[in-house]
Amino acid sequence: MSYFVIKRLAIGLLTIWGVVTAVFVVVRLAPGDQATVALGPDATPAELEALRSSLGLDRPLPLQYLSYLGDVVRLDFGESYRFGRPAMDQVIERFPATVQLTLAATAMAIVFGLILGVVAGKKPGSALDRAVSTVALGLQALPPFWVGIMFILIFALQLQVLPSAGGGSLANLVLPAVTLSIPFTALVARMTRSGVAETMSEAFVLTARSKGLTETQVLTGHVVKNSLIPVVTVVGLQVGTLLGGAVIIETVFAWPGLGSLLVGAVGNRDYAVVQAATVLIGLCVIVLNLAADIVNAKLDPRIRLEARR
Amino acid sequence: MSSPVLEIRDLRVVFTGPRRSLRGGRTVVQAVAGVDLDVRAKETLALVGESGSGKSTVARCVLGLVRPQAGTVTYEGRALGPVDKRPAEVQRAIQMVFQDPGSSLNPRMTVGAIIREAWKVHPAVAPEGDRRQALADVLADVGLDAGVAGRRPSALSGGQRQRVSIARALALRPRLLVCDEAVSALDVSVQSQILRLLVDLRRTHDLSVLFITHDLAVVRQIADRVAVMRTGELVECATAEQLFTAPAHPYTRGLLSAAHDLEGTRAGFEHTREQIR
Amino acid sequence: ACSSSDDPASETGDSVAAGGDLTVAGPIPIENLDPHGPASMDAGTQLAARAIFSQLVVSTGSGEFEGELAESWEPNADASEWTFTLREGVEFSDGTPVTAADVVASFERVLAGEGPLAGNFGGYTVAAPDESTVVFTSAAPDAAFLGKISSFFVTPQAAAEAGFFQEPIGSGPFVVESFEPGATLRLTPNAGYWDGEPALDSLEFQSIPEVAARMTALQTGEVDVTWSMPDDQIAALKSDSDLTVETVPSPGVLTMWMNGSTPALQDPAVRRALWQAVDFEAIIASLYPETGTPADSPISPAVLGYAPQEPVEYDPEAAKAALDAAGFDYGTVIRWQFSQANFRNFVDAVVSDLADIGVTVEPQEKEQAVFLEDLLALNWDMNLQQLGSQGYDAATNLGRLYTCEANRMGYCNEDLDRILAEAGSTSDTAQREELYAQAIEIIWNDGVGMYPMFVEQPYAWRSGVEGFEPVSDGVPYFDEVTVSGD
Amino acid sequence: MTQSDILLTEAAPGPAAPPGPRRRRRPLSAIPYVIIGIYVLAAAIGPFLIDYDPVATEVTERLLPPGSATGSGTAWLGTDAVGRDVLAQVVYGARTSFIIGISVVALCGLIGVALGAIAGYSGGLSDAVISRTVDILMAFPGILLAIVIAGLLERGMNVVIIALSVGGWVGFARLSRSITMSTRERDWVDAARIMGLSKSATLTRHIVPFLTGSVVALATIELASAVLSEAALSFLGLGLPPHIVSWGQAIAGGREHLGTAWWITVFPGIALTVLVICIGLVGDRLTRRFTRQRD
Amino acid sequence: MTDQHSATVVAPAAGDPAPAPGAPLLRVEDLEVVLPSGATTGTVIDKVSFAVDAGRTTGLIGESGSGKTMSAMSIVGLLPPEAVTSGRVTWRSEDLLTAAPRRLRQVRGREIGVIFQDPLAALNPIQTVGRQIGEILRRGGMARQQVRVRVLELLDRVGIPDPDQRIDVYPHELSGGMRQRVMIAMALAGEPQLIIADEPTTALDVTTQARILRLLADLREQEHLALLLVSHDLRVMAHVADDVVVMYAGRVAERGPAREVLERPRHPYTRALANNVPAVSTRSAIAEPLQGAPANPFERPAGCAFHPRCPLAQDRCRTEVPVLREVEPGRFSACHRAEEVLP
Ligand SMILES: Nc1ncnc2c1ncn2[C@@H]1O[C@H](COP(=O)(O)OP(=O)(O)OP(=O)(O)O)[C@@H](O)[C@H]1O
Ligand SMILES: Nc1ncnc2c1ncn2[C@@H]1O[C@H](COP(=O)(O)OP(=O)(O)OP(=O)(O)O)[C@@H](O)[C@H]1O
Ligand SMILES: [Mg+2]
Ligand SMILES: [Mg+2]
Ligand code: NI
């Protein structure tokens with residue numbers, strides 16, 4: 001187990017290095033740089049040059065890369081020129097909001113997704129199953145920004161029961177979290193459905209029935225837990241994706257999370273923030289995947305942690 | 001006695017499992033621990049032993065699907081490497097029949113395509129022009145009519161599939177046929193059909209056969225010599241007659257007595273058999 | 001400390017009773033409180049700075065300025081040296097007095113800084129001959145200095161220290177209580193503000209980028225004041241009896257430069273013909289019924305130097321004839337770049353009109369950074385921006401952008417250069433107005449760009465909000481606002 | 001990428017079980033196919049029936065509700081913010097959405113299957129390299145890539161396709177790799193190797209055919225999500241240029257008018273949702289068919 | 001190994017709670033199971049009748065797909081949900097086919113225990129074996145501590161060494177033989193009167209097979225159990241069964257006392273099966289194999305399902321379905337020419 005964790009962390013470090021490098025290459029490939037944005041439309045070529053050299057942007061890329069890598073190793077992600085403070089500080093400040101949103105959405109998705117999935121998967125092919133599957137597909141097909149704006153119009157404007165935008169309070173969390181959880185719920189439901197449906201055809205379910213258990217007992221005692229492994233894997237992956245991918249929802253609901261920070265930073269070519277945010281998100285994805293694997297190993301004693309994928 | 005077609009010397013195979021902890025080292029399975037074995041021309045050598053004793057691993061080494069940690073496999077004096085490094089002629093000469101007729105044939109291909117594929121790789125065996133005839137011949141050899149060539153494995157019964165499997169091997173005119181549990185998955189009534197076919201083919205095609213099984217009764221019916229494996233080692237190797245009448249090793253004796261145990265109303269069967277004759 | 005000239009004492013006495021907590025959602029997030037740094041010209045930073053810090057002077061309209069920290073100011077004859085005398089007794093919120101040394105330090109921060117403000121003051125030096133006098137000296141005459149310095153805020157000398165802007169100290173009407181960059185800025189009144197403590201109990205700036213959410217927040221009362229709403233939302237807001245909606249003229253002009261270095265657009269006749277081919281009046285009436293008026297000058301009436309011109313009438317036949325006469329190649333594709341999504345409808349409508357006379361325009365919506373880079377590299381045939389004039393002075397627009405040296409739109413006219421240089425080097429307002437009128441005529445008639453629309457700045461606030469005064473540049477002040485009833 | 005995990009749970013080819021009892025055909029089961037057929041028809045021939053010029057606007061007829069009369073006929077589904085016909089946008093948008101969806105899926109599918117199959121079959125170094133690349137891409141915010149690609153290249157359909165494909169192949173690779181790894185263990189693969197078939201021939205003849213089922217099923221899901229992602233890119237201002245009509249554009253463009261002119265977003269939204277549901281249903285069915293009756 | 005043979009002739013133990021003396025514990029009559037398959041339906045089980053007497057072992061024998069598992073599972077209602085059953089399954093005096101689901105659940109485990117073919121698949125991989133064995137006791141309301149004691153007893157009873165340690169391991173950590181013992185312990189936990197064992201030894205090694213069969217024989221004797229044993233292995237049957245039912249393509253081909261049926265078959269199919277069993281003790285030539293493949297109940301040949309493979313087939317066999325009839329006292333055969341099988 002400890003060896004496994006160490007090995008996975010080593011792979012994680014390698015992945016982080018890949019992410020760090022990729023983000024470096026990618027942001028520097030993009031046309032326009034920090035100097036263009038900082039100086040705005042009125043800049044003269046001379047001013048641009050001066051600023052570039054003072055920022056070190058005129059050095060050869062490999063050199064910039066090396067010094068950047070050196071800084072990252074020392075956990076120094078540089079100063080954000082937009083925010084005028086260490087980039088990591090800014091990123092960390094936004095992190096809790098993102099975590100709140102993601103956790104709330106994930107919790108909802110797990111609860112409702114599991115219920116729907118179990119209900120559907122317990123009788124594969126039944127009318128209920130088809131209904132749930134179709135609804136899940138429909139939920140996955142809703143453009144999130146559309147749902148978000150409709151929610152605002154309905155719950156904030158018409159019914160006036162929930163605030164429309166901003167962060168902080170629990171009430172503020174409801175709409176964005178629900179919006180974010182809709183496609184996720186659908187995914188969890190579909191995963192659970194297929195897992196449960198498959199487990200239902202396993203021989204040990206027959207064994208459980210042969211002991212005289214009721215269908216509910218069979219389901220809760222022998223089916224659900226056994227079908228969770230792919231669900232856990234997906235939740236692990238998806239939560240990671242949500243961390244960085246909730247941009248649209250954060251924008252619609254003015255939720256001060258990492259996604260909108262990242263998009264803004266890319267637009268402003270705030271390299272330091274882009275890099276810091278990407279690394280943090282990458283780290284989370286890696287840790288969550290690791291966590292999912294550990295949970296799976298706890299769920300299923302047959303899984304030897306190393307034999308992943 | 002004829003000289004060995006296949007010689008296995010001091011074969012060792014180790015499978016390493018995943019590491020459990022940093023210092024704990026890997027779990028290591030010594031699947032084959034120093035096996036010496038000869039298969040002589042035109043003989044049937046049975047390899048028996050309980051599950052996990054390493055029989056299949058030996059077979060896979062012979063075919064070059066598993067790379068042994070140590071030891072040599074020699075075919076007619078030539079040392080053999082992994083399957084894709086072998087000279088075409090050796091690839092052709094050693095063929096295999098698998099246990100599960102359901103999974104040893106590509107379900108997406110027709111029987112004809114499966115057999116022709118062999119000739120695509122080794123065109124010399126059946127020249128371009130007379131493949132149709134060759135196909136009919138090889139199917140006839142295993143007791144199938146030419147009509148099945150257009151069918152897919154899923155449209156065949158288990159026995160028929162196993163015949164196709166044998167036909168695929170025979171299509172390359174091999175010298176040595178490795179059968180890994182070739183009849184174990186078949187119904188009793190079909191099992192005899194396939195066994196009989198194998199015995200006939202061996203005679204007509206001058207084959208040497210390495211026959212792997214855990215069923216001692218079958219061994220008794222068809223083997224010339226028997227090698228007994230246990231946890232990766234060869235515990236005994238003798239002619240069939242010798243082994244069944246005077247087993248030398250206690251482990252062999254144990255196996256035999258367990259088999260006897262199951263024989264139950266043996267007398268009843270004998271009686272029946274007499275009646276039929 | 002905005003334009004109000006009322007007696008501060010009475011204001012204060014009146015507002016202590018009202019007070020209230022005001023929530024404001026501007027269109028742009030506040031990311032940075034440093035008024036000297038790279039974000040200094042951001043609307044968000046300017047908004048915060050106006051609440052936290054003080055300017056030397058505040059521009060209140062075309063050519064008009066009011067002293068804030070400066071009690072009086074005086075240029076020398078050729079407007080290359082400007083002397084400011086500071087107001088007595090102004091203190092930062094920590095009680096230390098605002099001195100000339102702070103002004104000098106702040107200005108030097110700007111010059112050393114890596115922001116867009118620095119570009120305004122190339123060749124300037126600053127000195128403080130005594131505690132309350134500051135002298136700015138330029139290498140060249142600069143009549144528009146007041147306009148430029150109105151974006152300059154004075155901070156304590158400590159601003160250079162790291163971490164200062166996490167909890168900044170200023171001499172403005174409010175002090176920072178908490179700041180989440182890009183999200184919320186919470187302020188409380190500065191009890192020691194020289195112009196009287198603001199009446200509000202607290203002021204909060206929120207960032208709500210999505211329009212629908214921002215409008216909803218205003219209608220539900222989560223937000224008390226907002227501005228820069230799209231026209232289509234304004235009608236809905238107007239029908240809400242709890243809201244006051246007002247638009248004020250702004251210095252903004254929708255500006256569509258045409259790249260004079262593009263072969264197809266070199267001929268002024270072609271540029272004018274294209275302009276003629278678009279029915280701007282109808283487009284504005286439909287898309288910008290609230291905030292748009294057809295323009296008759298490249299700079300807005302609110303700006304010093306404004307001079308109305310003969311409007312370009314919509315006449316597609318004449319346009320087509322003119323294009324034919326000029327030998328325009330209808331096979332050319334005109335690349336039209338813009339960066340803001342809210343221009344999309346406008347762009348689509350213009351492209352449609354031009355297509356009607358057979359001219360192909362390919363709209364290119366670019367990301368801001370790409371847009372800027374291409375803008376400076378003249379990597380476009382037509383460009384769309386909303387241009388303002390900083391400090392309500394034509395110098396910051398015409399004088400800076402239309403010279404041959406600036407080469408901002410591939411257009412170079414030596415006569416124009418001369419006129420602009422002259423206008424920039426005199427401090428006589430009447431003379432400057434005259435010179436800019438000449439310049440505008442040349443620009444207009446040569447069709448350097450199309451100037452379809454003056455933009456008005458819309459504001460909306462809830463009925464409990466008192467004393468809010470819309471300002472034309474979209475960066476309002478809140479020191480005299482009170483709010484009740486929420 | 002996560003979509004592929006649905007398939008992964010069912011995908012590994014089980015022992016070739018006797019072809020299980022086939023499900024009886026339900027008359028309703030044809031509906032998704034019929035609807036998709038209608039969409040394809042609309043995308044293919046709709047543009048010839050309905051005259052629409054995405055460049056032409058009519059600002060005086062903007063934001064008209066469904067059924068309003070306009071200068072050029074009746075706007076059955078209303079008009080958008082610059083007076084273009086919403087019905088025509090729905091019909092023309094179908095073509096764009098199909099082109100984008102199919103291109104993205106084809107691109108991702110080809111790359112993903114090729115890399116996944118190689119990784120799964122060869123193992124060793126190539127597997128390590130491909131797997132780590134997949135890891136990195138999964139830990140990398142996709143939106144960032146999309147933004148940068150949109151900035152690097154001139155705005156257009158190909159940019160959207162590339163931006164969506166860069167991360168999209170990962171799912172196919174993961175799926176192909178895991179199926180390849182289990183198919184590789186099958187006896188018929190060994191049989192092919194024993195007769196001396198080359199690596200590439202073994203891979204293409206004895207392994208890749210078994211990927212098709214799950215890959216096609218995943219492709220249908222990815223098709224739906226590509227269409228949806230295009231809408232999301234448009235929302236962020238990174239989508240298609242204005243002169244290309246797409247549902248995503250239409251939905252994103254109408255979001256400021258949701259309260260007043262709902263028809264701009266709702267009709268393309270319904271078109272999109274119905275298509276995604278139908279594609280998803282077909283995908284589900286294919287998944288089931290290819291995983292259960294694998295023979 | 002004559003000691004083993006003796007186990008097969010043990011009389012029903014006294015005090016066994018059999019309903020009426022002489023009446024069988026379980027009687028299956030005219031059982032029919034219809035399964036849909038694609039567009040068609042197949043009568044997978046066609047008029048099958050047999051009985052299991054208290055304290056005795058009845059064997060169900062036949063090739064793959066002949067309907068052994070289906071017949072056994074329909075007793076406790078564990079068929080696929082789409083299966084349609086008819087006939088009677090009389091357990092003591094009640095009909096289980098028409099019994100309420102609740103009653104059926106009471107019967108399962110507590111009155112009739114089941115042992116499945118593949119113990120690895122039939123055990124829940126993520127629960128410890130102790131938990132699975134004890135589940136039925138826990139659900140029955142027994143205290144946790146007592147359950148553990150009882151499970152340890154059961155493990156010991158089925159011959160698992162070190163029950164203390166094995167109780168907390170997962171199925172995959174056990175060998176095949178151990179797993180099958182766990183299955184048996186699980187079936188015993190509810191103290192049933194009948195155990196249905198579906199191919200309990202097929203997945204095992206010869207050596208282990210012998211041990212498991214001996215265990216089953218011992219248990220039957222000591223716990224006064226009746227046993228319904230399903231197998232395709234004649235050697236196994238001959239070893240433990242008192243009566244056998246030979247099935248072919250969903251029908252009963254022959255039925256009677258095990259020894260007699262296997263020694264003197266009254267059906268050509270049984271004869272062929274017996275004939276095909278190779279021996280270890282003597283070297284025998286490979287017997288003349290039956291031609292063709294076993295019939296598929298979905299495409300059952302008309303008349304006698306066995307006729308295409310039958311050396312004795314006549315015209316009558318091709319059209320007329322032979323009924324199962326008593327060809328000599330206690331012996332039933334479904335062959336038109338049953339009398340001619342043995343000269
Ligand atoms: N690819 C592999 N990786 C790891 N261990 C393996 C592998 N293949 C076989 N083994 C192990 O090697 C040992 C020998 O296996 P092998 O398949 O040769 O046995 P066998 O005698 O053929 O058994 P059976 O009768 O069950 O087929 C077993 O313990 C098995 O678990
Ligand atoms: N779930 C199912 N759905 C449809 N048909 C089934 C199902 N299970 C079994 N069958 C069919 O029913 C018939 C009888 O099957 P059964 O499992 O009883 O045979 P068996 O004698 O137990 O065979 P084996 O020795 O292979 O276990 C077979 O033809 C089989 O294909
Ligand atoms: Mg083996
Ligand atoms: Mg069975
Ligand atoms: Ni005996």
Side-chain angles (χ1 to χ4, degrees), chain A residues 30-48 50-51 54-55 79-86 89-90 93-94 97 145 148-150 152-153 155-157 160 162-168 248 250-257 260-261 264 266-270, chain C residues 23 25 29 31-34 37-42 113-120 122 162-166 180-184 206-223 366-376 385 387 390 396 400-401 405-406 408:
Chain A
D33 61 13
Q34 188 168 321
T36 345
V37 182
L39 295 181
D42 294 342
T44 63
E47 283 165 15
L48 282 172
L51 182 52
S54 93
L55 291 171
E79 175 124 337
S80 157
Y81 86 95
R82 289 292 293 180
F83 296 95
R85 55 195 296 217
D89 288 7
Q90 177 67 20
E93 194 176 294
R94 290 291 189 93
F145 58 86
I149 296 173
M150 287 316 277
I152 291 179
L153 292 178
F155 293 100
L157 192 59
Q160 307 230 345
L162 288 166
S164 60
I248 289 175
E250 290 177 7
T251 311
V252 169
F253 293 97
W255 185 263
S260 47
L261 177 72
V266 174
N268 288 319
R269 301 292 185 270
D270 193 345
Chain C
T23 308
E31 294 183 336
N32 193 331
L33 300 181
D34 181 358
S40 53
M41 291 307 280
D42 264 34
E114 290 156 353
L117 202 51
N120 281 332
F164 173 83
F165 288 101
Q166 252 71 4
E180 281 174 58
T184 33
Q206 274 190 1
S207 152
I208 308 184
E210 181 64 22
V211 171
R214 188 149 54 94
M215 297 306 116
T216 303
L218 179 69
Q219 284 170 283
T220 58
E222 291 163 67
V223 161
K366 294 176 180 171
E367 200 212 347
Q368 178 76 3
V370 183
F371 171 82
L372 287 174
E373 185 160 274
D374 286 348
L375 176 68
L376 298 180
Q385 267 177 298
L387 275 184
Q390 203 194 335
T396 57
R400 220 159 32 88
L401 303 172
E405 196 201 346
R408 296 302 297 276

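In what follows, chains carry the letters A, B, and so on, assigned in the order in which the sequence lines appear, proteins first and then strands, with residues in each chain numbered from 1.
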Option in R82(A), Q34(A), E93(A) with maximal non-hydrogen atom pairs under 4.5 Å from chain C: R82(A)

Side-chain heavy-atom pair S80(A), E31(C) within 4.5 angstrom cut-off: no

Donor-acceptor contact below 3.5 Å, side chain R94(A) vs main chain E180(C): no

Full working for side chain to side chain contact (heavy atoms under 4.5 Å, CB included) between L153(A) and M215(C): CA-CA 10 Å; L153(A) 292 178; M215(C) 297 306 116; over 6 Å; no

Toward chain A, the part of R214(C) with a non-hydrogen atom under 4.5 Å: neither

Side chain / backbone / both / neither for L33(C) at chain A, heavy atoms under 4.5 Å: neither

Which portion of L375(C) sits near chain A, non-hydrogen atoms under 4.5 angstrom: side chain

Nearest heavy-atom neighbours spanning V266(A) and E367(C): O-OE2, 3.8 Å

Which atoms of L51(A) approach chain C - backbone, side chain, both or neither, heavy atom under 4.5 Å: side chain

Under 4.5 Å from any heavy atom of chain C - which part of N268(A): side chain

Heavy-atom contact with chain C under 4.5 Å, split by part of L261(A): neither

Closest approach of I208(C) to A254(A) (non-hydrogen atoms, all atoms of both residues): CA-CB, 3.7 Å

Exercise: identify the closest heavy-atom pair between V252(A) and A213(C): O-CB, 3.3 Å

E210(C) vs I152(A) side-chain heavy atoms within contact, under 4.5 Å: no

